[in-house]
Amino acid sequence: MAHYYITTPIYYVNDAPHVGHAYCTVNADAMARWHRLIGDETKFLTGTDEHGQKVADAAQKNGVSPREWTDQTSRRFREAWDALNISYDDFIRTTEPRHYETVQKFLTAVYENGYIYKDVYQGLYCVSCEDYYTLESSDEGRCPIHGRELTQMQEENWFFRLSAFAEPLLQYYEDHPGFVTPETKRNEALSFIKGGLRDISITRTSISWGIPVPWDANHVFYVWYDALINYLTAIGYGRDDDETAQWWPTSHHLIGKEILRFHCVWWPAMCMAAGLDPVSHVQVHGWLLVGGQKLSKTMASEGNVKLTDIAPVVLTDEFGVDPIRYYLLRETSLGNDGDFSHEGITARYNTDLANNLGNLVARVTTIVATKCAGTGPAPEEASELRRPAESALSEAQAAWDRFAPNVALEATWGLIGATNAYLENTAPWKMEPGDALDAVMGNALEAIRLVTILASPAIPQVCATIWSRIGLEGSPTDEVFATSARWGRYRATQPIHKGEPLFPRIRANVE
RNA sequence: GGGGCCGUAGCUCAGUGGUUAGAGCAGGGGACUCAUAAUCCCUGGGUCGUGGGUUCGAUCCCCACCGGCCCUACCA
């Protein structure tokens, strides 16, 4: 059985969960659900990143210990993922003992392999950023963001010999063309490596809220250095070699474009330094940018809303869980930036979900209930819907397999459109009860059954509801995909029932 | 300042070194009435950011510029 391991970044607990986090997490969730659907042994990891100066500061400001602070904020992420029906298998917190153990084992391996050394870090410090710059990365000695004079600081640090990995990384990229997708992001990472790699400071003495360096008690690891290793913590690195071997290195990191360097340069180099193969695939996604005239008042009380101001729960409360999941997956292609707007969500909801899918289920269930004695007739082997169904199946399957949920959903909706058109052409509402009518309705029901299978990674709740409305037991995910996702398998075991509209239309601008 | 990505129909986005550049939505016309005023069919609309260059030929390759965005030692 194939193993499939997918991760999101671990989210920094200094920040409340927002739509950007949700975008990444929902995509990873849909991918995990897809792989479970096709029978892969699947592990989906998400979690929170809890070390570093900013967390310590935030805790102090709120008058609690870092531990209490991270407990509170980490919980908020879990609540957000519950609201979005995220099916993670493991939720890691970098403050857990298992993570300390793995980080120390991993970095000790890097140390013993000779890739960590002690030096004095000299840097230009910006008080406003609370951050360091090099002469090259500064604006001629001034902070490129604040424009103020940088002050010379120095600190004794342990360094990672990143510079030793330029050639091995280039070789790895050459040998693994699919390592970073999409290709534009791969090019970005490559040109960064070709531009020259500098050793990097990986420990701090100035703070204590971090993981202790095993061989030097005065230091804690720099937060990114501990954070990246979470992907190994969750699969037992240093604690259970068999488990690690099951999931690594054939794994998938889904990340945002702003952390490309850490995942596509530092992280593979770190793995090499520890004597481990790098992760096999990093899928980079773009950013959602807030567009549209204005977001509804429930989204924010003032104008000029930033995406990071919007809590996922606000959206699921207004539109429902599956519609938000659908929008996040369907609207933009993974890898490029996309547009996020209230109008956009409403449009997708009304056209794709209410008019196309919801209405299709409504019209079919009504006709079957009134003209087929309420039970679902069998489809025809040679139905004219069979061809569009089979092409939707193969296109959607291929798209899910290559991390393109938007294309998979587009293909799936193609079958919905074909089914609506099929009903127009055959006009079953004009037909008398009998075999001919039964055949038409059986074909339509079969198309709907296949749609619910293909769409279930994106909108699992609604698909399960439709599944039961068309008289099937269980849910679309209960069966073996290879045999259930084929034309002609529909057999109702329960009466068809219409039920309330799945997606009541949203009227024009609701204030 | 340095590195990188992007700029295609009213909107959101696909796409390709070569005959008439695509989809969805919105707009226009028609059909139908089973269905959530839903559905189906037909249809208008683009000097593919601007200016050069390479080429028999560029929206796609190169350069410059304009605009948006990301990174530049802890925000998806």
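We name chains A, B, ... by the order of the sequence lines, and we start the count at 1 in each one.
- Contact of A:N355 with B:A38 (side chain to base): no donor-acceptor pair of N or O atoms is detected under 3.5 Å.
- OP1 or OP2 of B:U39 has at least one side-chain nitrogen or oxygen of A:N356 nearer than 4.0 Å.
- In a base pair of the Watson-Crick type (N1 to N3 plus N6-O4 or O6-N4) or a G-U wobble (N1-O2 and O6-N3), with each distance short of 3.5 Å, B:U47 is matched with no nucleotide.
- Looking at A:D29 and A:R325, a side-chain N of the basic residue comes within less than 4.0 Å of a carboxylate O on the acidic one, giving a salt bridge.
- Partner assigned to B:G7 is B:C66, using Watson-Crick or G-U wobble distances below 3.5 angstrom.
- Using the Watson-Crick or G-U wobble rule with both distances under 3.5 Å, B:A26 pairs with nothing in any strand shown.
- Note on A:K498: a side-chain N or O is less than 4.0 Å away from OP1 or OP2 of B:U36.
- When both distances must be under 3.5 Å, the Watson-Crick or G-U wobble mate of B:G1 is B:U72.
- Nucleotide B:C60 has no partner under the Watson-Crick or G-U criteria, as no pair reaches both atom distances under 3.5 Å.
- With respect to A:E446 and A:R449, a salt bridge is recorded, a charged nitrogen being found less than 4.0 Å from a carboxylate O.
- Taking the six-membered ring for Trp, A:H252 and A:F44 have ring centres at least 6.0 Å apart.
- Rounded to a whole Å, the CG atom of A:D49 is 9 Å from the P atom of B:C75.
- Between B:A38 and A:R505, a contact under 4.0 Å exists linking OP1 or OP2 to a side-chain N or O.
- The side chain of A:T8 places no N or O atom within less than 4.0 Å of a non-bridging phosphate oxygen (OP1 or OP2) of B:A76.
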